[in-house]
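Comments concern the structure below.
From a predicted model like this one, the values you see are computed outputs, not experimental measurements.
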Amino acid sequence: MPKRIQSFFQPISKKPKLQSSPDLSQPPQNHEEAENEVDLLPPTHHPTYPFPIADLPPQISNPLSNISSLNPPKPITNHPHLDLLYFEHLIPPKTAKSLFTFLRKELPFYRVQYTTRRGPTETKINTPRFTTVFGVDATSHFTRSPDSPTPTLLDSKTLKPPPFQKYKCKPRPLPTCLETLRLAVQTATNHPKETPYNFCLVNYYASGSDSISYHSDDERFLGANPTIASLSLGAKRDFLLKHKPGIEAGALKFPLASGDMVVMRGETQSNWLHSIPKRKGGEAGLGRINITFRRAVVPGGTENYYRYNVGDGGVYRWCEEEGRMVEVDSDGDGKGSDQDGSV
């Protein structure tokens with residue numbers, strides 16, 4: 001195990017303090033603190049995680065079990081080749097706020113750098129947002145055995161550990177907190193249980209300068225006409241859609257608030273592009289988390305998602321004291337710096 005990964009399992013003793021745990025030997029300061037202490041659950045451990053990831057407390061997980069009955073979606077189908085479901089306030093505001101705060105604090109994030117070739121020219125890209133990913137494509141799956149609480153990766157056909165050369169990356173199972181959310185989203189969208197979402201991608205937009213340019217999720221490793229559920233938490237940001245060249249169709253804009261979700265289905269990815277543009281001022285500076293659930297069908301999808309959402313760079317954790325993401329060094333301490341990136 002690399003030294004950088006091993007360091008996360010060591011206690012953090014120096015400032016900045018990246019993650020605090022309540023002192024259960026002291027009396028709580030107020031009723032809310034007492035409730036939070038009672039609700040603490042054991043974190044999820046796995047060798048591929050840089051550090052253990054906490055489980056959702058009941059005050060978040062319980063409301064998620066009822067979201068499918070709260071607000072039905074608005075179908076958006078009156079545009080060429082577009083099949084979209086728009087959920088306003090899928091998650092109630094109070095729960096959405098708590099979920100945003102929880103995930104930003106508990107998940108590991110990365111600021112991925114990679115090189116792309118356009119003709120003879122190589123260009124270094126700094127991903128203009130923080131990212132993380134969990135899951136594995138449909139040719140493999142994680143399973144738990146009675147003998148071990150740690151999920152084991154198995155080949156879906158042989159039911160044995162996949163050959164070493166199958167993946168260059170190290171696929172990671174969804175931690176319990178994201179698995180709970182995946183099941184809630186899958187129920188709310190009536191997604192077939194026979195073809196469950198097997199990937200969870202998480203983007204953190206730290207400010208209005210963080211963005212994602214126009215693109216479509218039409219890679220072959222997603223199969224034909226993929227369904228992608230995209231949930232927003234935190235600051236309201238515009239979600240833009242425009243048809244690919246060749247057909248005149250009006251552009252669309254959805255001001256996605258915390259707890260809103262769009263589900264792109266059918267021919268949408270083949271014919272439409274979407275983006276989150278940069279924004280100045282307003283609440284964009286408060287941070288936004290976007291969570292997308294999708295299904296990859298071949299190993300190429302697994303390699304792609306880990307390359308562009310984890311990469312080889314450092315791990316970042318939310319530092320409550322400084323109010324920003326801080327990179328963790330090989331000693332398990334914050335380096336006291338973050339990064340900006342743009343494309």
Under the side chain to side chain contact (heavy atoms under 4.5 Å, CB included) criterion, do Thr44 and Cys177 qualify, and how do the steps go?
CA-CA 9 Å; Thr44 302; Cys177 60; over 6 Å; no
Identify whether the distance between the nearest side-chain nitrogen and carboxylate oxygen of Asp83 and Arg265 falls below 4.0 Å.
yes
Test of understanding: clusters of I, L, V, M, F, W, Y form through side-chain heavy atoms closer than 4.5 Å, transitively. Do Val310 and Tyr167 belong to the same one?
no
Checking Glu283 now: which residues fulfil side chain to side chain donor-acceptor pair (under 3.5 Å) with it, not counting sequence neighbours?
none
Pair Arg237-Asp210, salt bridge (charged side-chain N to carboxylate O under 4.0 Å, His left out): steps then yes or no
CA-CA 11 Å; Arg237 293 288 293 268; Asp210 284 1; over 6 Å; no
For Pro80, which residues count as a side-chain contact (heavy atoms from CB on, under 4.5 Å) partner, sequence neighbours excluded?
His243, Ile247, Ala249
Shared hydrophobic cluster for Val297 and Phe199 (ILVMFWY, side-chain gaps under 4.5 Å):
yes
With a 4.0 Å cut-off, would you call Glu88 and Lys74 a salt bridge?
yes
Please determine whether a side-chain nitrogen of the Lys or Arg among Asp137 and Lys166 lies less than 4.0 Å from a carboxylate oxygen of the Asp or Glu.
no
Residues Phe239, Ile276; criterion side chain to side chain contact (heavy atoms under 4.5 Å, CB included); working and verdict:
CA-CA 5 Å; Phe239 176 74; Ile276 300 289; 3.9 Å; yes
Who pairs with Pro192 by side-chain contact (heavy atoms from CB on, under 4.5 Å), at least two apart in sequence or on another chain?
Glu194, Thr195
Taking the six-membered ring where the residue is Trp, are the ring centres of Phe134 and Tyr49 under 6.0 Å apart?
yes
Listed partners of Tyr86 passing ring pair (Phe, Tyr, Trp, His ring centres under 6.0 Å), at least two apart
Phe254
Excluding sequence neighbours, so at least two apart, what forms side-chain contact (heavy atoms from CB on, under 4.5 Å) with Thr115?
Glu122
For the backbone of Tyr204 and the side chain of Asn290, can you confirm whether one donor and one acceptor N or O come within less than 3.5 Å of each other?
no
Could you go step by step and tell me if His46 and Phe142 meet the side chain to side chain contact (heavy atoms under 4.5 Å, CB included) rule?
CA-CA 11 Å; His46 194 269; Phe142 286 96; 4.2 Å; yes
Side chains of Thr176 and Leu56 in contact at under 4.5 Å (non-hydrogen atoms)
no
Consider only side-chain N and O atoms of Asp260 and Ser232, and report whether a donor and an acceptor are under 3.5 Å apart.
no
Partners passing ring pair (Phe, Tyr, Trp, His ring centres under 6.0 Å) against Tyr308 (at least two apart in sequence or in another chain):
Tyr114
